[in-house]
Amino acid sequence: MEMLKAVSIKKEYGERFALDIEHLAISEGEILTCVGPNGSGKSTLIRILSLLEQPSAGRLFFRGREVQNLKGRRRLEVLRQMSVIFQDPIFFGRSVYDNVAVGLTFRRLSRAQKDQRVRQAIKEAGLEHLERADVSTLSGGEAQKVAFARAHALNTDLIFLDEPFANLDIEARRSYQAIVKNALKGRGKTAVFVTHDISEAAYLGDRVAVINEGSIVQAGAPSEVLFKPANAVVARFTGMENLLDGVVSSSSVGILTVRVDGGTIQAVGEEKAGTRLILGLRAEDIGLVPKDQLRLPSSFRNSYEAIVERVEPAGAVTRVFVKCPFSLVSYVTSRSAVEMGIVPGERIGVRFKATSVHVMGSGF
Ligand code: ADP
Ligand code: MG
């Protein structure tokens with residue numbers, strides 16, 4: 001059953017389109033994550049879906065009812081079934097308990113009912129030990145949990161979260177992500193969660209929609225978006241660092257030979273000779289070996305002798321830029337980078353499987 005549906009929604013600010021969404025539906029009980037770079041229209045989308053702002057054009061349905069033009073009490077009725085958590089929540093200078101309870105002030109509930117709801121939300125947000133704490137003394141992560149508990153106490157069927165973790169360090173982020181996911185799933189909530197972080201989107205979402213320049217460029221299961229990006233924009237955004245323009249030179253039993261600048265690459269595909277396409281390769285799928293090892297038999301369809309151009313240690317992994325003769329970047333563990341003596345100017349073996357090469361249309 002559909003909870004929310006947006007059809008041909010557009011939003012312009014002056015001359016510029018901030019949003020142009022052909023179709024977006026959110027099912028009952030689903031967590032949809034919308035992921036895209038800063039300025040791609042995520043907050044605008046949330047403001048429109050949550051009826052805080054009117055679209056310039058298009059239609060919005062909440063449980064089958066058209067809602068984008070509702071006014072007054074009818075609009076309020078729908079608003080009461082939604083809650084929104086913003087990136088920078090506003091608090092009152094009092095206790096965690098008071099701040100969580102504030103959303104329930106105007107709900108027709110007995111004191112005991114309110115108290116029960118507030119305590120339950122505080123518990124599910126992992127804030128029990130801070131119930132009486134002054135909000136001004138909280139860390140950024142704790143403050144965000146208060147914002148979540150406040151919305152969770154409202155117990156609305158639909159909840160919107162606009163980059164609630166954006167300002168948190170990695171540890172706080174991980175603990176908060178798990179808390180929010182469990183709390184939402186535990187109550188079977190429907191949620192739209194917006195973030196610029198693809199791994200966060202993939203972790204939290206039942207479905208991920210990638211948004212770029214105001215439009216949805218791909219929507220699907222997290223693994224689909226991560227491993228089968230629909231185009232180069234999505235591929236780059238999901239961290240596929242190697243993207244190469246190519247033309248199919250021959251095709252035989254499902255294996256393509258693709259000409260790229262300075263060489264050929266074998267990939268899996270059904271495209272005909274002459275087809276222009278883009279090849280995507282994750283840096284972690286490209287193996288580096290001592291160049292003598294290339295002569296040994298192996299199942300890698302792609303192997304090259306290359307020159308190391310640049311080496312960038314980044315903690316546990318090292319990024320190695322090689323020329324073979326087309327340019328690629330590979331990740332190796334920093335330990336093996338040292339053990340193999342990978343330094344600029346060295347000759348090295350590069351290899352990867354045809355199945356690691358992701359074939360995309362060149363329409364971008
Ligand atoms: P995101 O949340 O993905 O960072 P936003 O939805 O905030 O992106 O913004 C999308 C685009 O719309 C941006 O180019 C932004 O400058 C523009 N925009 C957003 N809100 C307004 C506004 N109230 N007036 C004018 N332009 C706006
Ligand atoms: Mg935003």
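Position 1 is the first residue of the sequence; numbering continues from there. First listed ligand is number 1; within each ligand, the first listed atom is number 1.
Cluster partners of Y176, by chain and number: I31, I85, F148, I159, L161, F165, L168, V180, L184, F193, Y203, L204. The rule joins Ile, Leu, Val, Met, Phe, Trp and Tyr whenever side-chain heavy atoms lie under 4.5 Å apart. Taking Ile, Leu, Val, Met, Phe, Trp and Tyr as members and joining any whose side-chain heavy atoms lie under 4.5 Å apart, directly or through other members, the hydrophobic cluster of V102 also contains F92.
Side-chain contact between M340 and P290 is present, with at least one heavy-atom pair separated by less than 4.5 Å. Residues R47 and F160 have side chains not in contact (no heavy-atom distance under 4.5 Å, counting atoms from C-beta outward).
Using a 4.0 Å cutoff on heavy atoms, G39 counts as a contact of ligand 1. At least one heavy atom of P37 sits under 4.0 Å from some atom of ligand 1. The shell of residues lying under 4.0 angstrom from ligand 1, judged by heavy atoms, excludes H196.
Atom 27 (C) of ligand 1 has its closest protein heavy atom at Y13 CD1, 3.2 Å. Regarding atom 12 (O) of ligand 1, its nearest protein heavy-atom neighbour is A18 CB, 3.3 Å. Here the protein heavy atom with the shortest distance to atom 7 (O) of ligand 1 is S43 CB, 3.8 Å. The protein atom (non-hydrogen) at minimum distance from atom 8 (O) of ligand 1 is G41 N, 3.1 Å. Of all protein heavy atoms, the one lying nearest to atom 9 (O) of ligand 1 is T44 OG1, 3.8 Å.
Crowding of R74 atom CZ: a count of heavy atoms from other residues, nucleotides or ligands under 6.0 Å not exceeding 12. The local environment of CD in E171 is sparse, with at most 12 non-hydrogen atoms from other residues, nucleotides or ligands closer than 6.0 Å.
Counting only protein N, O or S atoms, 1 lie closer than 2.8 Å to the Mg ion (ligand 2).
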- [ ] Could you go through the side chain to side chain donor-acceptor pair (under 3.5 Å) check for D162 and S43 one step at a time?
- [x] CA-CA 7 Å; D162 190 353; S43 295; 2.7 Å; yes
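R94 and N99 form no side-chain donor-acceptor contact under 3.5 Å, judged by distance and modelled atom types alone.
If you run side-chain contact (heavy atoms from CB on, under 4.5 Å) between F62 and each of K5, E77, M82, only M82 comes through.
With a 4.0 Å cut-off on non-hydrogen atoms, R47 touches ligand 1 through its side chain and not its backbone.
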Hey, can you pull the donor-acceptor pairs under 3.5 Å for the side chains in residues 258-270, sequence neighbours left out?
from: Q266; atom 1: OE1; to: R301; atom 2: NH1; distance (Å): 3.4
from: Q266; atom 1: NE2; to: T257; atom 2: OG1; distance (Å): 3.1

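The N38 neighbourhood of ligand 1 comprises atoms 4 (O), with distances under 4.0 Å to a heavy atom of that residue.
With a 6.0 Å cutoff to the six-membered ring centre and a 45° limit on the axis angle, R132 counts as a cation-pi contact of Y97.
Checking atom 15 (C) of ligand 1 against the protein gives no heavy-atom contact under 4.0 Å.
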